[in-house]
2 protein chains.
Amino acid sequence: MPAKVDIPRKSIYRLSIYQRCLQRLRENQVDTVSSAALAKAAGVKSTQLRKDLAYFGQLGTRGLGYNVDALSGTIGDVLGQNKLQPVILVGVGNLGSALMRYGGFRKEGFEIAAAFDLAPRKVPGVNVPVLAMTDMPDFIRRQNVKMAILSVPASSAQSVVNEMVQHGIQAILNFSPTVLDVPENVVVNSVDLAVELENLSYFIR
Amino acid sequence: MPAKVDIPRKSIYRLSIYQRCLQRLRENQVDTVSSAALAKAAGVKSTQLRKDLAYFGQLGTRGLGYNVDALSGTIGDVLGQNKLQPVILVGVGNLGSALMRYGGFRKEGFEIAAAFDLAPRKVPGVNVPVLAMTDMPDFIRRQNVKMAILSVPASSAQSVVNEMVQHGIQAILNFSPTVLDVPENVVVNSVDLAVELENLSYFIR
DNA sequence: CTATGTGAACTACTTCACAGCT
DNA sequence: AGCTGTGAAGTAGTTCACATAG
């Protein structure tokens with residue numbers, strides 16, 4: 001795989017969007033698509049799409065466009081979708097249990113291998129074990145889990161993160177409304193609902 | 001209020017973070033804070049914080065720092081937090097009902113005024129009316145609602161958006177995994193769980 | 001003639017360096 | 001002396017313009 005260092009994070013985000021559009025094309029038996037058409041579906045400019053894809057080699061055919069299957073496969077490799085990636089979820093509250101019930105992850109190559117909570121109890125209708133927080137370190141090591149979804153209250157987020165990271169978690173999707181402090185080699189994406197709403201609120205007059 | 005046109009969107013996001021940190025300072029009876037200290041808490045560089053704040057005037061005192069109450073008030077004004085902003089939520093599934101139960105919105109100045117679903121039924125433990133989709137247009141107009149949270153399946157997202165926008169919604173927080181097409185004057189922030197995970201997946205080796 | 005790939009130009013954002021108040 | 005505010009410099013990301021391949 002090519003060097004990851006100087007590919008913009010925003011390009012990576014867009015690859016996911018392209019991938020979704022390609023999936024739809026595939027379902028519709030389309031086998032070739034131009035940058036213009038795919039860009040339209042993804043809501044970006046065609047030059048941007050071509051730049052994004054060019055980071056990963058010459059993926060298209062001049063005069064013709066991109067092969068849907070091949071492009072989708074390449075993007076899947078880049079995003080690590082092509083092998084099921086185990087993820088743990090920590091904090092089985094309102095949001096946590098809703099996320100456990102959300103089926104969309106598996107389709108995109110992720111599997112919630114287990115959930116953890118201080119007061120573990122089964123989430124109805126979901127086939128994921130809910131374990132005690134004290135079982136987390138062991139689970140991470142044994143199953144070699146690298147990714148975690150964090151949906152605990154803000155007050156305990158940092159301490160949970162410290163423990164996760166210490167036992168091998170390298171990437172965290174954070175839903176707690178707080179700024180997390182992590183080592184250089186750990187990636188955090190934060191989804192902060194209040195921040196998103198406030199941002200919208202600013203842009204309405 | 002000053003012209004919104006050339007203030008970077010990222011600055012607005014950061015204002016929300018600063019606001020949270022200020023709130024904590026306020027709880028601890030701190031009344032003055034330096035850009036260095038606040039920036040540290042927010043996880044940004046102090047120059048960036050000062051630039052962000054400078055868009056809204058001279059808010060600090062040279063040699064001293066920023067008054068916590070005053071700064072928090074100004075940011076609240078900018079973000080429209082100082083009057084309770086009504087929001088509707090459309091799509092009362094797993095995620096939708098979890099969002100309804102999430103208490104954090106009100107604290108930040110937002111109130112879920114009503115929720116809408118094709119098959120409306122009360123969400124236990126929440127004091128928000130759940131109404132039929134057909135009631136939405138009227139509700140938006142009568143209550144003059146400008147903001148919406150969208151948590152419907154991808155397949156119906158665009159048509160719901162079209163209807164919302166037609167009746168006056170100006171800002172949408174979108175949880176559906178799809179690209180929305182909206183008029184120029186409508187703002188959309190999308191939170192796409194699969195995209196966030198894929199992005200993390202890319203950055204772990 | 002069509003559509004990709006890409007250096008060059010441009011735009012947006014961040015950081016620096018330091019002037020200006022208190 | 002201490003800390004903010006800000007033009008200037010630097011960096012990152014986007015768009016343009018066009019050479020290149022089918």
Side-chain angles (χ1 to χ4, degrees), chain A residues 2-18 21-22 25 30-72 74-75 78 179 199 202-203, chain B residues 2-18 21-22 25 30-72 74-75 78 187 199 202-203:
Chain A
K4 303 196 165 181
V5 66
D6 45 5
I7 297 169
R9 179 178 278 231
K10 288 182 145 192
S11 294
I12 304 300
Y13 271 109
R14 286 189 298 261
L15 289 187
S16 297
I17 310 288
Y18 305 154
C21 299
L22 288 166
L25 290 173
V30 179
D31 51 45
T32 300
V33 67
S34 70
S35 63
L38 187 52
K40 180 122 187 280
V44 302
K45 290 222 157 58
S46 69
T47 48
Q48 178 152 77
L49 182 143
R50 294 203 299 277
K51 259 276 198 269
D52 287 339
L53 297 183
Y55 286 116
F56 304 98
Q58 311 221 145
L59 307 179
T61 308
R62 296 181 195 215
L64 199 70
Y66 299 87
N67 177 280
V68 172
D69 278 359
L71 184 55
S72 172
T74 304
I75 294 179
V78 169
V179 178
N199 187 63
Y202 173 80
F203 285 103
Chain B
K4 305 195 165 184
V5 67
D6 45 5
I7 298 169
R9 179 177 277 232
K10 287 181 147 193
S11 294
I12 304 301
Y13 272 109
R14 285 188 299 261
L15 288 187
S16 296
I17 309 290
Y18 304 154
C21 300
L22 288 167
L25 290 173
V30 178
D31 52 45
T32 299
V33 67
S34 70
S35 63
L38 187 53
K40 180 122 188 281
V44 302
K45 291 222 158 57
S46 68
T47 47
Q48 178 153 78
L49 182 144
R50 292 204 300 276
K51 258 277 197 268
D52 287 339
L53 297 183
Y55 287 116
F56 304 98
Q58 313 220 144
L59 307 180
T61 308
R62 295 178 194 215
L64 200 70
Y66 298 88
N67 178 280
V68 171
D69 278 0
L71 184 56
S72 171
T74 304
I75 294 180
V78 169
V187 200
N199 187 63
Y202 173 80
F203 286 102

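For the numbers below, each heavy atom of this structure counts, side chains included, while hydrogens, waters and symmetry mates do not. The sequence lines fix the lettering, A, B, ..., with proteins before strands; numbering per chain opens at 1.
In plain terms, the two heavy atoms of B/Tyr18 and B/Leu49 that are nearest each other are OH-CA, 3.5 Å. Scanning all heavy atoms of the two residues, the minimum distance from A/Val33 to A/Leu38 falls at CG2-N, 3.9 Å.
Residues that satisfy the salt bridge (Lys or Arg N to Asp or Glu O under 4.0 Å) test with A/Asp31, not counting sequence neighbours, are absent from this structure.
Here D/dG5 presents its P atom at 14 Å from OH of B/Tyr55, a figure rounded to the nearest Å. Taking atom CZ of residue A/Arg9 and atom P of nucleotide D/dT14, one finds them 14 Å apart after rounding to whole Å. With rounding to whole Å, B/Tyr13 atom OH is found 13 Å from C/dT14 atom P. Protein atom CG of A/Asp52 is 11 Å distant from nucleotide atom P of D/dG13, rounded to whole Å. In this entry the distance linking CG of A/Asp6 with C1' of C/dT6 reads 15 Å, nearest Å. In this entry the distance linking CG of B/Leu53 with P of D/dG5 reads 7 Å, nearest Å. The CD1 atom of A/Ile12 sits 16 Å away from the P atom of D/dA12 (whole-angstrom rounding). One can place CG of B/Asn67 at 16 Å from P of D/dC3, the figure rounded to the nearest angstrom.
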>> Using side-chain contact (heavy atoms from CB on, under 4.5 Å), reason through A/Phe56 and A/Ile75 one step at a time and then give a plain yes or no.
In response: CA-CA 9 Å; A/Phe56 304 98; A/Ile75 294 179; over 6 Å; no
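Heavy-atom distances to DNA chain C give each of A/Thr47 and A/Leu64 a nearest nucleotide, and the one nearer the 5′ end belongs to A/Leu64. Along DNA chain D, the nucleotide closest to A/Thr61 and the one closest to A/Arg50 are compared, and the more 5′ of them pairs with A/Arg50.
At the phosphate of C/dT14, OP1 or OP2 sits under 4.0 Å from a side-chain N or O atom of B/Gln48. OP1 and OP2 of D/dG13 both lie 4.0 Å or more from every side-chain N or O belonging to A/Arg14.
Of the candidates D/dT4, C/dT4, C/dC13, C/dC13 carries the atom nearest the B/Lys10 side chain, counting heavy atoms from C-beta on. Distance from the side chain of B/Lys51 is smallest to D/dA8 among D/dG22, C/dC13, D/dA8. Closest approach to the B/Gln58 side chain among D/dT4, D/dT6, D/dC16 is made by D/dT6 (side chain taken as heavy atoms from C-beta onward). Checking C/dC13, C/dC21, D/dC16 against every side-chain atom of B/Arg62, the shortest atom distance belongs to C/dC21. The side chain of A/Tyr66 sits closest to C/dT4 out of C/dT4, C/dG20, C/dT15.
No side-chain heavy atom of A/Leu15 sits less than 4.5 Å from a side-chain heavy atom of B/Tyr202.
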